[in-house]
Structures are given as C-alpha cells and as structure tokens.
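One structure is given below, encoded as structure tokens.
Computation of the quantities below employed the complete heavy-atom set of this structure, encompassing side-chain atoms and omitting hydrogens, waters and symmetry-equivalent molecules.
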Amino acid sequence: MPTSNTYSVLTEEDNIPTDNTNTTETAKPPPIYIEAQMIESLTELLEHQAGKNNFTLKQLKDNQIKVQLPTPVLYRQIVNALKSKNANFYTYQTKTDRSYKTILCGIHPKTNTHKIVEELKQYNHTVKTIKNINPTPTPTPNHDQHLNTSSRTYAQATASETHFTIENHVRIPHYTIYDTKHPSGKAHGGTAIIIKNNIKHHLHSNTKYDYLQVTTVTIETTNGEIRGLIKKFQDCLNCAATEGRSVVQLF
C-alpha cells in the first residue's frame with residue numbers, strides 16, 4: 001500500500017531565511033533649548049554644522065527655540081558651535097556622557113594611580129578622580145590589656161545571674177574566673193568572681209543550693225587575708241531578703 005507524508009507540504013525550518021544582523025539602537029540625544037531673537041541666523045548655523053533635514057525646530061514662548069538632533073555626534077557639534085558663539089542656551093547631559101563610579105578589585109592599594117589612569121585612557125575612559133582604598137587593618141590582640149568596664153580598669157569583679165553551664169567557656173586574658181553554677185545544670189542563677197592574676201589569691205569554697213550559690217575567694221595581702229564572698233539568693237532567706245535579689249559582701 002503506497003504511503004505519503006502529510007507534513008511534506010510544510011516548509012522545513014532549515015529553509016527559513018534568518019536575519020542574523022545585530023542592530024543596535026542609538027540613544028536619542030537630549031534637546032537643546034536656545035534663546036534666539038533671529039531665527040535665520042540660528043537656522044544657518046544648524047544647517048552649516050548638521051546639514052539640512054538633520055534637525056528639527058520648535059518655537060516655544062519667550063523667544064525660545066527647541067532644537068532636536070538625531071545623533072549624539074551632531075548633538076556635540078551643535079553644542080560646541082553654540083559655545084563658540086557664546087549663545088544663550090541650555091541642555092541636558094547625554095546618557096553616554098554621564099559619569100559613573102566603579103571599583104577595580106584585585107589591585108594592590110599602593111599601585112601608582114597615574115598608571116591606572118593611562119591604562120583607562122587606552123579604553124577611551126576619562127578619569128576624573130581616582131584613589132586607592134586601603135584595607136581596614138586587622139586589630140592585633142594586646143596581651144597587656146586589662147578588664148575594662150565603662151573606661152575603668154578593675155583588679156577584680158563580681159557577677160551574679162551568670163547563667164553559666166558546663167557548656168560555657170569564658171576566658172579573659174590575664175584574669176582568672178571562679179564561678180558557681182546552679183545545681184540543676186541549667187542556665188539559671190549562678191555567681192562568679194573575676195580576679196587579676198597578679199593578685200595573690202586562691203579559691204576558698206563553692207556552695208551550691210537551689211536557693212543559693214556562693215563563690216568565695218581568698219586574697220592574700222601584706223596585712224593578712226581578705227576573703228571575698230558573693231552570694232545569689234533565689235528564695236527568701238529572711239524577712240529582709242527578696243526573691244531573686246543579689247547580694248555582694250566582702251569580709
């Protein structure tokens with residue numbers, strides 16, 4: 001039985017002519033507004049610089065003429081001619097002539113900027129200003145730093161409601177931290193004493209209760225020993241105590 005292709009009447013896609021020509025649209029230049037008392041002299045100038053039928057004129061109020069050019073090249077020629085004649089006019093900056101800022105990455109901050117300007121000129125770029133951006137220096141750790149709070153240097157400090165657990169690891173250079181955690185093991189309550197290493201001292205004791213955590217440190221002085229005690233109350237211990245109140249004592 002003879003067969004036939006019902007789609008044979010359709011044109012193959014390969015036979016369809018294609019136009020691979022890339023067309024680029026030229027941006028239309030902005031209009032030029034000229035104050036002219038005599039239209040004939042202005043027309044002669046435009047025809048001499050741009051040629052006939054290469055511009056349009058529109059009469060506005062107060063002897064103002066609006067001139068529109070088809071291309072940026074003719075626009076620049078007319079603007080330069082008007083400047084040379086000291087004509088009273090104004091216009092706007094074209095998109096191609098607008099300045100923009102850019103950052104050149106991967107260049108050493110001490111590179112000579114004059115060489116960069118010369119290289120950019122080869123690509124028809126006019127550089128107005130250029131400067132190197134110095135990277136922010138990384139602060140180096142000061143191993144002689146002290147514990148600073150509110151612009152003051154302390155030899156020792158006490159803290160309550162530390163909320164420390166066994167997962168916390170707090171370190172301050174040249175200081176020793178003694179803390180008493182809440183016996184529940186949760187981030188709740190807790191006390192701590194922070195003391196400078198150049199002070200002779202040792203841990204005296206730690207006291208842990210659900211309602212009370214105490215950290216005691218003994219400081220050695222020339223006149224004897226001073227024992228520092230910090231307490232955290234969570235229940236009413238007496239009539240004067242309030243739940244959740246912190247008390248710091250030195251004795």
Self-check item: Taking every non-hydrogen atom, the tightest pair across Pro70 and Pro29
Solution: O-CD, 3.7 Å
Quiz item: What distance do Glu119 atom CD and His114 atom NE2 have between them, rounded to the nearest 0.5 Å?
Solution: 14.5 Å
Quiz item: In Å and rounded to the nearest 0.5 Å, what is the OG1 to CD distance from Thr113 to Glu118?
Solution: 10.5 Å
Practice problem: Could you grab the distance from atom CG of Asn197 to atom OG1 of Thr176, nearest 0.5 Å is fine? | Solution: 3.5 Å
Quiz item: Tell me, do Asp210 and His182 make a side-chain contact under 4.5 Å, heavy atoms counted?
Solution: yes
Quiz item: Hey, are the side chains of Ile32 and Val79 touching, using non-hydrogen atoms and a 4.5 Å cut-off?
Solution: yes
Practice problem: Please check if Leu60 and Leu42 belong to a single hydrophobic cluster, counting links between Ile, Leu, Val, Met, Phe, Trp and Tyr side chain heavy atoms closer than 4.5 Å. | Solution: no
Exercise. Determine, stepwise, if the pair Tyr75 / Thr91 fulfils side chain to side chain donor-acceptor pair (under 3.5 Å).
Key: CA-CA 10 Å; Tyr75 168 81; Thr91 184; 2.9 Å; yes
Exercise. Determine whether Leu74 and Thr71 make a side-chain contact, defined as any pair of heavy atoms from C-beta on separated by less than 4.5 Å.
Key: yes
Quiz item: How long is the span from the CD atom in Gln77 to the CG atom in Leu45, to the nearest 0.5 Å?
Solution: 11.0 Å
Quiz item: For Ile219, does its backbone N or O pair with a side-chain atom of His202 as donor and acceptor, under 3.5 Å?
Solution: no
Exercise. Any chance you could measure Leu82, atom CG, to Gln49, atom CD, to the nearest 0.5 Å?
Key: 8.5 Å
Quiz prompt | Asp62 side chain vs Gln64 backbone, donor-acceptor pair below 3.5 Å | solution = no
Quiz item: Taking all non-hydrogen atoms of both residues, which atom of His201 and which atom of Ile195 are closest, and how far apart?
Solution: NE2-CG2, 3.3 Å
Self-check item: Contact summary for Thr215 and Asp179, nearest pair of heavy atoms
Solution: OG1-C, 3.8 Å
Quiz item: Could you go step by step and tell me if Ile172 and Ile177 meet the side-chain contact (heavy atoms from CB on, under 4.5 Å) rule?
Solution: CA-CA 8 Å; Ile172 301 177; Ile177 301 177; 4.2 Å; yes
Quiz item: Do Ile65 and Val67 come close enough that some side-chain heavy atom pair is under 4.5 Å?
Solution: yes
Quiz prompt | His163 atom NE2: more than 12 heavy-atom contacts under 6.0 Å | solution = yes
Quiz item: Can you get from Ile107 to Val127 by hopping between Ile, Leu, Val, Met, Phe, Trp and Tyr side chains that sit under 4.5 Å apart?
Solution: yes
Quiz item: Nearest 0.5 Å, what's the NE2-NZ distance between His188 and Lys181?
Solution: 15.5 Å
Quiz item: Can you check whether Ile34 reaches Asn88 side chain to side chain, under 4.5 Å on heavy atoms?
Solution: no
Quiz item: Just wondering, more than 12 heavy atoms not from Gln59 lying within 6.0 Å of its CD?
Solution: yes
Quiz item: Within a strict 4.5 Å, meaning less than it, do heavy atoms of the Leu69 and Ile78 side chains meet?
Solution: yes
Exercise. List the atom of Phe55, the atom of Thr43, and the distance in Å for their closest heavy-atom pair.
Key: CZ-O, 4.4 Å
Exercise. Determine whether Ile103 and Cys105 make a side-chain contact, defined as any pair of heavy atoms from C-beta on separated by less than 4.5 Å.
Key: yes
Quiz item: Going by the angle between their ring planes, with limits at 30° and 60°, are Tyr92 and Tyr33 parallel, tilted or perpendicular?
Solution: perpendicular
Quiz item: Taking all atoms of both residues into account, what is the closest heavy-atom pair of Thr165 and Ala187, and its distance?
Solution: CG2-N, 3.5 Å
Quiz item: Any side-chain heavy atom of Gln213 sitting closer than 4.5 Å to one from Pro183?
Solution: yes
Quiz item: Is the number of heavy atoms from other residues, nucleotides or ligands within 6.0 Å of CG (Asn53) greater than 12?
Solution: no
Self-check item: Thr180: which of Thr191, Leu212, Thr207, Ile193 passes side-chain contact (heavy atoms from CB on, under 4.5 Å)
Solution: Thr191
